[in-house]
Amino acid sequence: VSGAKKAKTDKDDNNTNGLATCRMLLAELEAHQDAWPFLTPVNHKAVPGYRKVIKKPMDFSTIREKLTNNQYLNLETFIVDVNLVFENCERFNEDDSEIGRAGHRMRSFFDKRWTELLK
Ligand SMILES: CO[C@H](O)CCc1ccc(O)cc1
């Protein structure tokens with residue numbers, strides 16, 4: 001029937017809200033050799049000061065959970081959480097430390113990839 005509205009599914013979007021791009025980017029972040037500090041939530045019971053200093057903890061497994069639960073509206077809200085991982089890392093770790101350097105390498109990898117994919 002003409003005019004009958006078709007139920008929209010994300011298969012219908014030509015990836016307009018970028019969720020396929022989020023899945024692609026997160027898979028690359030999780031697979032990166034420098035991802036190890038960021039794969040799971042920091043154990044704030046084992047890391048003195050972490051809970052006090054870092055107001056909004058974030059890690060790749062939490063982002064994976066949110067993506068699976070459809071909690072990201074679009075690529076932008078996803079990028080906010082990924083950047084939070086790197087901001088927390090810079091706040092808590094010296095630039096000249098193993099984890100600090102891993103964070104900088106992961107941030108520049110991510111920045112390069114999402115800007116490439118968005119072009
Ligand atoms: C993403 O890693 C967190 O910034 C915690 C870093 C950390 C954990 C334990 C330590 O002894 C030192 C740094």
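Values below: all heavy atoms of this structure, side chains included; hydrogens, waters and symmetry mates excluded. Sequence positions, counted from 1, serve as the residue numbers for this chain. Both ligands and their constituent atoms are indexed starting at 1 by order of listing.
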Completion exercise
Among non-hydrogen protein atoms, atom 1 (C) of ligand 1 lies closest to Pro37 O, 3.3 Å
Exercise for the section: Output the list of atoms in ligand 1 that are nearer than 4.0 Å to some heavy atom of Phe38, sorted by atom number. Expected result: 1 (C)
Exercise for the section: State whether the number of non-hydrogen atoms from other residues, nucleotides or ligands found under 6.0 Å of Asp96 atom CG is greater than 12. Expected result: no
Exercise for the section: For the pair Thr115 (side chain) and Asp111 (backbone), establish whether a donor and an acceptor sit closer than 3.5 Å, ignoring hydrogens and angles. Expected result: yes
Practice task
Measure the acute angle between the ring planes of Phe60 and Phe38, then classify it against the limits of 30° and 60° as parallel, tilted or perpendicular.
Solution key: tilted
Completion exercise
the protein heavy atom lying closest to atom 4 (O) of ligand 1 turns out to be Asn93 ND2, 2.8 Å
Handout entry: Side-chain ion pair, Lys66 and Asp81, N-O less than 4.0 Å
Key = yes
Problem - Test of proximity, Tyr50 against ligand 1: N or O pairs below 3.5 Å - result: no
Fill in the blank from the handout: For atom 8 (C) of ligand 1, the closest protein heavy atom turns out to be Val47 CG2, 3.8 Å
Problem - Presence of salt bridge, Glu87 and Lys56, under 4.0 angstrom - result: no
Handout entry: Glu98, CD atom: more than 12 neighbouring heavy atoms under 6.0 Å
Key = no
Problem - Nearest neighbour of atom 3 (C) of ligand 1 from the list Ile54, Val42, Asn88, on a heavy-atom basis - result: Val42
Practice task
Please indicate, with yes or no, if any protein heavy atom is found under 4.0 Å from atom 12 (C) of ligand 1?
Solution key: no
